[in-house]
Amino acid sequence: MSRADTVVVLDFETTGLSPGMGDRAIEIGAVRIENGEVTGRFQELMNPGRRIDPFIEGYTGITNEMLVTADPCEVVMERFFDFMGSSNLVAHNASFDQRFLDAELARISQRRSGDFTCSMLLARRIFQDAPNHRLSCLVDYAGIPTDGTFHRALYDSEMTAKIWLRMLDTIGDRHGIFDAPFALMQKLCKTPKKSVHTFLAAYL
DNA sequence: TGCCAGGCCCTCTTTAGGGCCTT
């Protein structure tokens, strides 16, 4: 991703792990990055039309009382669709957020036009010596200041954006690639971990 | 504090199994 590229980093909080099993989104957070800077933010709770279970309340801090007054998913997703535009997208473990985004957009007869890239797959390649590649661990590993408010959508998307920018800086420092385009980051995701150094060295 | 699903990724692999990540 070139720093000149516009990318939207997003994160969903949901009722569970699988839209295919009937799970729904309950919150979406996102930050827009332009020229290496955050230029826009989006965060909204959304009412999935049913109660969420105690585990999700405890995990996210989002309660049923908070969702009662929230707009329905369909209304919020229309607003997010406008915010997202045609930007390329980034998420931590993107396959998860991609499934929910596509499922919720399908309910309002919309489709995204941007491509996804996964910050977790990239972190496994760029930060190979991190203890693990959970978002909270990577934030600690990278020395990024945090107040520990994980598992809320905007906070997690902000942290993912910081990790994303730190990985771009690392590629610049280690490999002299200071303007890595989005397409390169996508290819890097699919490069075997053992071949990452060779792959980036050959890019120059 | 967990389960569901699904893709990635490693290995005691490829005619497979299990851990990692996301809520």
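Each chain gets a letter, A, B and so on, in the order the sequences are listed, and its residues count up from 1.
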Measure [atom1]/[X] against [atom2]/[N] and give the value in whole Å, please.
X: A:Leu101; N: B:dT23; atom1: CG; atom2: C1'; value: 16 Å
X: A:Lys193; N: B:dC8; atom1: NZ; atom2: C1'; value: 10 Å
X: A:Phe116; N: B:dT22; atom1: CZ; atom2: C1'; value: 12 Å
X: A:Ile28; N: B:dT22; atom1: CD1; atom2: P; value: 17 Å
X: A:Gln98; N: B:dG7; atom1: CD; atom2: C1'; value: 10 Å
X: A:Phe96; N: B:dT22; atom1: CZ; atom2: P; value: 10 Å
X: A:Asp53; N: B:dT1; atom1: CG; atom2: C1'; value: 12 Å
X: A:Asn93; N: B:dC21; atom1: CG; atom2: C1'; value: 4 Å

Check your understanding: Quick one: hydrophobic cluster around A:Val75, which other residues, with the 4.5 Å side-chain cut-off, linked directly or via members?
Key -> none

Review point. Apart from A:Met120 itself, which Ile, Leu, Val, Met, Phe, Trp or Tyr residues share its cluster (side-chain heavy atoms under 4.5 Å, direct or through members)?
Key: A:Leu121

Revision key, fill the gap. What residues 121-134 of chain A contributes to the DNA chain B interface at heavy-atom separation below 4.0 Å is A:Leu121, A:Arg124, A:Arg125, A:Asn132, A:His133, A:Arg134

**Study point:** Positions of residues 144-162 of chain A (non-hydrogen atom under 4.0 Å from DNA chain B), listed by number
**Key:** A:His151, A:Asp156

Among [options], which nucleotide has an atom closest to any side-chain atom of [X]?
X: A:Ser95; options: B:dT23, B:dG6, B:dC10; value: B:dG6
X: A:Asp23; options: B:dT23, B:dG6, B:dC4; value: B:dC4
X: A:Met21; options: B:dC4, B:dT23, B:dC21; value: B:dC4
X: A:Arg99; options: B:dA5, B:dT23, B:dC10; value: B:dA5

Once you apply a heavy-atom cut-off of 4.0 Å, does [X] come out as touching a base, just sugar-phosphate, or nothing?
X: A:Phe100; answer: nothing
X: A:Thr15; answer: nothing
X: A:Asp97; answer: nothing

Revision key, fill the gap. Looking only at heavy atoms, the pair that brings A:Asn47 and A:Gly49 closest together is OD1-N, 2.8 Å

Would you measure the distance from the [atom1] atom in [N] across to the matching atom in [M] and give it in whole Å?
N: B:dC4; M: B:dG18; atom1: P; result: 14 Å
N: B:dC20; M: B:dC3; atom1: P; result: 12 Å
N: B:dG19; M: B:dT15; atom1: C1'; result: 22 Å
N: B:dC8; M: B:dC12; atom1: P; result: 22 Å
N: B:dT1; M: B:dA16; atom1: C1'; result: 31 Å

Using distance only, find each side-chain donor-acceptor pair of residues 83-91 of chain A under 3.5 Å and give its atom names and separation, not counting sequence neighbours.
{"from": "A:Ser87", "atom 1": "OG", "to": "A:Met84", "atom 2": "O", "distance (Å)": "3.3"}
{"from": "A:Asn88", "atom 1": "OD1", "to": "A:Asp115", "atom 2": "N", "distance (Å)": "2.9"}

Practice item. Apply side chain to side chain contact (heavy atoms under 4.5 Å, CB included) to the pair A:Leu138 and A:Ser136, showing each step before the final yes or no. Key: CA-CA 6 Å; A:Leu138 288 170; A:Ser136 59; over 6 Å; no

Check your understanding: Applying the 4.5 Å side-chain criterion to the ILVMFWY set and letting contacts propagate, would A:Val139 and A:Ile33 be lumped into a single cluster?
Key -> yes

Point to revise | Residue mapping more 5' on DNA chain B - nearest nucleotide basis, A:Leu135 or A:Gly20 | key: A:Gly20

Review point. Between A:Ser136 and A:Pro54, which has a closest nucleotide on DNA chain B that is more 5'?
Key: A:Pro54

What residues, two or more places apart in sequence or in another chain, satisfy side chain to side chain contact (heavy atoms under 4.5 Å, CB included) together with [X]?
X: A:Leu154; value: A:Val31, A:Arg41, A:Gln43, A:Ser157, A:Glu158
X: A:Asp140; value: none
X: A:Asp147; value: A:Thr149, A:Tyr155

Check your understanding: Side chains of A:Ile28 and A:Phe100: closer than 4.5 Å at any heavy-atom pair?
Key -> no

Review point. Under the side chain to side chain donor-acceptor pair (under 3.5 Å) rule, what pairs show up with a residue in residues 51-62 of chain A, not counting sequence neighbours?
Key: A:Glu57-A:Asn64, A:Tyr59-A:His151

Check your understanding: Which residue pairs satisfy the salt bridge (Lys or Arg N to Asp or Glu O under 4.0 Å) criterion with at least one member in residues 12-33 of chain A, sequence neighbours excluded?
Key -> A:Arg24-A:Glu74, A:Arg24-A:Glu104, A:Glu27-A:Arg152

List the atom pairs, with distances to 0.1 Å, where a side-chain N or O of residues 185-204 of chain A and a protein N or O form a donor-acceptor pair under 3.5 Å, not counting sequence neighbours.
{"from": "A:Gln186", "atom 1": "NE2", "to": "A:Phe116", "atom 2": "O", "distance (Å)": "3.4"}
{"from": "A:Thr191", "atom 1": "OG1", "to": "A:Lys187", "atom 2": "O", "distance (Å)": "2.9"}

Produce the list of close N/O pairs, under 3.5 Å, pairing protein atoms with atoms of nucleotides 11-14 of chain B; give distances to one decimal.
none

